[in-house]
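The structure appears right after this line, and notes come after that.
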Amino acid sequence: MEKKSKYDHKKIEAKWQKKWVKDKTYETKDPSTGSGRAGSKKPKAYVLDMFPYPSGDGLHVGHPKGYIATDIYSRFKRMNGFNVLHPMGWDAFGLPAENYAIKNKINPEVAVKKNVKRFREQIDKIGFDYDWSHEINTTDPKYYKWTQWIFLQLYKKGLAHESWEPINWCPSCKTGLANEDLENGKCERCGSEVEKKPMRQWILKITDYAERLLSDLDALNWPESVKESQRNWIGKSEGSEISFPIKTKYKYVLLHGWRSSSKTCFFPWLKKELEAEGHEVIALDMPHPLLPDVVEQADYVLSKVKFDENTILLGHSLGSVVSYRILEKLKTPIHKLILVAGLIEPKFRDHDRLLAKYLMSWKFDFEKIKKTVGEIVILEDNNDVIIPDGESNVIKQALGGYNYRLEAEKAHFCGTVEPLVLEHSLDKIKVFTTRADTLFGATYLVVAPEHPIIERLSPQIDNIKEVRKYVAKASKRTEIERTAEGKDKTGVKLEGLTAINPVNNKEIPIWVADYVLPDYGTGAIMAVPAHDERDYQFAKKFNLPVIQVIGEDLPTRLENWGQAYAGYGKLINSGNFTGMESTKAKGAITKLARGQMVTKYKLRDWVFSRQRYWGEPIPIIHCPKCGVVPVPEKELPVVLPKVKSYEPTGTGESPLAAISKWVNVKCPICGEKAKRETNTMPQWAGSSWYHLRYIDPKNNKALVDKKKEKYWSPVDVYVGGTEHATRHLIYARFWHKFLFDIGAVSQTEPYARLKNQGMILGADNRKMSKRWGNVINPDDIVRDFGADTLRVYEMFMGPFEQGASWSTDNLMGARRFVEKVWRLSQRLRTAGSSSKALEVLLHKTIKQVTSDIDNFNYNTAISALMILTNEWEKVGGVTKEDWLIFLKLFAPFAPHLAEELWSNPPAGGGQKGSIHLAKWPEFDEKKLVSDTVTLVIQVNGKTRESIIVDRDTSQEEAVKMALNNDIIKKWVGEVVPKKIIYVPNRLLNLVV
RNA sequence: GCCGAAGUGGCGGAAUUGGUAGACGCGCACGACUCAAAAUCGUGUAUCGCAAGAUGUGAGAGUUCGAUUCUCUCCUUCGGCACCA
């Protein structure tokens, strides 16, 4: 009689979970400990789950799917002799946690603690092999000290800066958002339509890494879909930047600065360049090179030059002061004033300069000057060594106009060639195009409503009122409204302005239209209606000319097509380039147009500040005297203060701004009163480097110990959902590359291999959610069916990367299999060996399970294990030797039961040591082949019969056997086969 | 619109250097056990057909002795990007 005992999953699972913790079965070995059990001698496997944010709802059965997969993989690796790091932690900063706290009126810190506890309980019940001594929490000040440290390094390298550009603002979440946080122009979190809101924010220059983020994708072992998403998101396109001059001819008056002359600095070069564009240029040498008296200089210029409405006055440095005096005295207006490193007040960085002696207090009638000048452009050099920072802001306040902060070729614009000065002196519209080959077909230009040229040249735009109305309407419309109207184009012509096509000098009109995006390229395009569908539709609507320039072989009557031809081909109507191939013409025409080849990306910089409470404080101090001052590294972390009201203010300021005790600090540089930055970091900050913290979770001296980092990096397998394709996975790659650049880490990529888990849907095929009432709690499943059953079921649902809906019926199937294993353990044969066929099957199973786990093909691995148990059950038992091999194969999937049957089988006589530390079985290549094989016999390619023959039967033998077979005889008849196809050990095909 | 992935029984799915399509599981049917039920075990289960046989991997064509697998055209579903010049 077989001894019957019941499979009690509750007892078994609780027992082993406790014992594994006690025995430290899954302890990660520190590579730096050197001898003995040290991990450094072993190959390593760093297996990582995307860590959860501990929401208040707890886990549903979909969450652990990925954890089960990594658990199986890491157990498999451990049994194969690898030192395994398989950690878990909490991504607890950010809106989900904060909103939960607000809704339930608990402090976020308290809420997070509570939720973490609950998550941990749920996770522990499933029997994972996490080494909890490596646990991390992004909201722990000891953790975010280093998140802040990374920010400071980014700041030091110029990759973090403030910006005042309009950003996406979610009125419901009451915070600014990054581009990545939008979904079809709506807030990804709450679905609200976002507004463009100008406000101060912190920006990380992820665009500096665009090219590397793109090109390094190729070498990653990631799903093609994720790589493709990232490629789309980065959006590289190669094209040309080409400038279209605006028609008017001007008279330029160039005034040099202190101690220079019209023969020094960039003056001779600029004169030549402007003249080449057909303008008149007067570069005067003022009578006294030291310029002691600006009145005297101004009078001299006025005596030599006749100013009119076509005059553009350019003053460099002190020349700008002369220009103010001139303008004060002028009776007639001039077109434009350009101030290059201009100044108002006689404050200089080098006070010893001779100039100071001559200085008098300067006072100007700026109101009069404003009236006299149509347009004012102020150029400021970022690295000016003479004029203090912010001087041009003072000028701008006094004069209005446009202020550009630029990088001059030589400090204070003292280079002999200063292209930026030329660029801002000329009225040109620069466009970006990927189709420079179609330049001869450009029949008009279009600028985005936000394009600065509109206001800069507003005096020359005859219908400026109408244009402004259109611009206002366009900016009011949300992103969605702009695009929702799809192909219905709107726009207004800029009357009075005419551009010149640089290759054929044809005059073409300029339009403003919102189908041109301000943020991409140059915010302006050349429209080629014949070869661009959008331009074509616009041209049709507004009756603009269409000139075909591609397609020697195509019908030339383009009007009849009803659409543009966007393909490549041989050029027509293109002067000397007619007949040339598009691909060749791109470069050649760009060259002729004096343009340049450039690469553009759709990727935008990362808006990094949030106007919310629950995030890492940005470690910056604002000092009225010293400006932006980073918090000294030794003062990190800047701890998030405890507050009573942590609700968002909605004003664009974080709730932190109200805590004066925390906000008001002394400037670390000058010691004067200063204020802390009150914005916090986005949710994605802590997760951008957590894979490094796991390696060395308690380090307070460095981001990560270098030796440990070198040993464990990169993550060997990373598992999580696809929703992170263009956010977390891009951000983390960016930070990791940056950390590599500053020598903090040894690898350029954080995650060598990525697996996405498919989502588990509810039984009703909908996403599991409280709203649908279809949520399954893993606690219930573990209680009623056992963790091992849950694990086997979730892995058997289908391919790991594919979604599937929950089915309790199918869960029962997994339970049956687990019970079958339990039953088989009581039918062990102590004597005798297994049959040859079973031996082959066992070795085939070892081979398949081994490679299936490596490839995350868990469904077929389990299927193979089922086949094996089915066979054993058929023959009524299994030898103990074979059984122990099976248990090891089974162990990663059902660790509790495998351990029980290994260490403490109901029949007695357990093995020593945990099965999870046992050596993974190997298969014998020789035992994979059986003595006989099934040979399929086809006649004319149709299967008619299959016969069992000896292995490696010869063709003659096989044909003989086939022709003797009654069924085959019937099909072949008396004829001799025309052709015989023989695939040894598989198939014989007779063609008659 | 562009890019990517995929379409196989009642259901989840398996099989591709081109070689027996439907492994394994669910469901279903019948049988054993039982007073009965559950559980368990056994047998069967692509479609049409009594059978012989024919048909069959989204549709259509092609290459081949032979195609779920390769080529072309098209359809559908899912995912990413989307007026990105």
Side-chain angles (χ1 to χ4, degrees), chain A residues 183-185 223-237 239-240 431-436 438 442 446 448 482-489 513-517 519-528 531-535 537-538 566 600-604 722-723 725-726 756 758 792-793 796-799 801-805 807-814 816-817 819-820 823 857 859-870 873-874 934-946 970 977-983 985-992:
Chain A
E183 217 165 54
N184 298 321
E224 200 46 46
S225 61
V226 175
K227 292 207 239 180
E228 202 52 36
S229 291
Q230 294 211 349
R231 286 189 194 109
N232 276 338
W233 192 257
I234 294 165
K236 180 178 180 173
S237 63
S240 317
V431 305
F432 174 66
T433 178
T434 54
R435 294 300 303 271
T438 63
V446 190
R482 269 202 198 184
T483 51
E485 285 158 32
K487 302 276 178 329
D488 190 25
K489 303 279 182 288
D514 66 4
Y515 83 92
V516 173
L517 305 173
D519 297 332
Y520 185 76
T522 58
I525 60 152
M526 63 178 214
V528 186
H531 304 292
D532 182 283
E533 193 53 34
R534 295 151 301 182
D535 298 340
Q537 274 160 14
F538 193 81
K600 297 280 180 197
Y601 301 90
K602 285 198 261 177
L603 183 72
R604 298 273 80 93
T722 43
E723 66 273 20
T726 53
N756 286 130
V792 168
Y793 168 56
F796 191 60
M797 286 177 101
E801 309 210 51
Q802 213 170 285
S805 42
S807 152
T808 305
D809 276 344
N810 287 0
L811 174 77
M812 287 302 301
R816 259 173 236 152
F817 169 59
E819 282 181 8
K820 187 181 277 186
R823 272 203 314 277
N857 293 330
N859 55 333
T860 47
I862 291 169
S863 158
L865 293 174
M866 285 173 169
I867 292 169
L868 192 58
T869 55
N870 287 349
E873 200 163 69
K874 257 184 216 161
T934 308
L935 189 70
V936 171
I937 302 171
Q938 300 183 331
V939 179
N940 291 336
K942 295 210 186 242
T943 302
R944 295 303 177 187
E945 177 67 311
S946 63
K970 202 177 90 190
K978 253 195 291 189
K979 191 173 174 188
I980 294 167
I981 291 122
Y982 185 59
V983 184
N985 300 323
R986 290 199 115 154
L987 157 143
L988 175 71
N989 187 9
L990 306 170
V991 186
V992 295

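Chain identifiers are assigned alphabetically (A, B, ...) following the order of the sequence lines, protein sequences preceding nucleic acid strands; residue numbering begins at 1 within each chain. Note that the coordinates shown come from a computational prediction; the quantities given were computed from them, not determined experimentally.
Residue-level contact check: A/Lys236 touches neither bases nor backbone, having no heavy atom under 4.0 Å from any strand. Nucleic acid contact for A/Lys227: none, since no nucleic acid atom lies under 4.0 Å from a heavy atom of the residue. Here A/Pro799 lies in heavy-atom contact (under 4.0 Å) with sugar-phosphate atoms only. Within the 4.0 angstrom heavy-atom criterion, no nucleotide atom of any strand lies near A/Arg231. Within 4.0 Å of A/Gly813, counting heavy atoms only, lie sugar-phosphate atoms of the nucleic acid but no base atom. The residue A/Asn859 sits close only to the backbone: its heavy atoms come under 4.0 Å of sugar-phosphate atoms, none of a base. Within the nucleic acid shown, A/Gln802 comes within 4.0 Å of sugar-phosphate atoms alone, with no base atom in reach, counting heavy atoms only. Among the heavy atoms of the strands, none lies under 4.0 Å from A/Arg604.
Using a 4.0 Å cut-off between charged nitrogen and carboxylate oxygen, A/Arg231 and A/Glu224 count as a salt-bridge pair.
A donor-acceptor contact under 3.5 angstrom links the side-chain atoms of A/Lys489 to the base of B/C83.
Between A/Asn940 atom CG and B/A67 atom P the separation is 12 Å, expressed in whole Å. If you measure from atom CZ of A/Arg816 to atom C1' of B/C24, you get 14 Å, rounded to the nearest angstrom. To the nearest angstrom, C1' of B/G12 lies 16 Å from CG of A/Asn857. To the nearest angstrom, P of B/C3 lies 20 Å from CH2 of A/Trp233. Straight-line distance from the CE atom of A/Met866 to the C1' atom of B/G12: 12 Å, rounded to whole Å. Straight-line distance from the CG atom of A/Asn870 to the C1' atom of B/A14: 15 Å, rounded to whole Å. For the pair A/Lys602 NZ and B/C3 P, the computed distance is 13 Å after rounding to whole Å. Protein atom CG of A/Asn232 is 12 Å distant from nucleotide atom P of B/A5, rounded to whole Å.
For the residue pair A/Thr808/A/Tyr793, the side-chain donor-acceptor check at 3.5 Å is not satisfied. For the residue pair A/Lys602/A/Asn232, the side-chain donor-acceptor check at 3.5 Å is not satisfied. Defined by atom type and a distance below 3.5 Å, a donor-acceptor pair is missing between the side-chain atoms of A/Tyr982 and A/Asn989.
Taking the P atoms as reference points, B/G25 lies 16 Å from B/A15, given to the whole Å.
Within the 4.0 Å cut-off from OP1 or OP2 of B/A85, at least one side-chain nitrogen or oxygen of A/Ser237 is found. At least one side-chain nitrogen or oxygen of A/Arg944 sits closer than 4.0 Å to the OP1 or OP2 atom of B/A54. Residue A/Tyr520 has a polar side-chain atom (N or O) positioned under 4.0 Å from OP1 or OP2 of B/A85. An OP1 or OP2 oxygen of B/A39 is reached within less than 4.0 angstrom by no side-chain nitrogen or oxygen of A/Lys820. Between A/Lys874 and the phosphate of B/U43, there is no side-chain N or O to OP1/OP2 separation shorter than 4.0 Å.
When atom types are taken as modelled, the side chain of A/Glu801 and the backbone of A/Asn756 share a donor-acceptor pair closer than 3.5 angstrom. A distance-only check finds a donor-acceptor pair linking the side chain of A/Ser229 to the backbone of A/Ser225 [under 3.5 Å].
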Using atom names, set out every protein N or O paired with an N or O of nucleotides 15-20 of chain B below 3.5 Å, distance rounded to 0.1 Å.
unit_1: B/G19; atom_1: N2; unit_2: A/Gln938; atom_2: OE1; d: 3.0

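With RNA chain B read from its 5' end, the first of the two nearest nucleotides for A/Ile867 and A/Ser225 is the one closest to A/Ser225. The residue among A/Glu224 and A/Gly235 whose nearest nucleotide of RNA chain B is located toward the 5' end is A/Glu224.
Ring geometry, A/Tyr515 versus A/Phe538: the interplanar angle falls from 30° to 60°, so the pair is classed tilted.
Glycosidic torsion of B/G9 falls within 90° of 0, placing the base in syn.
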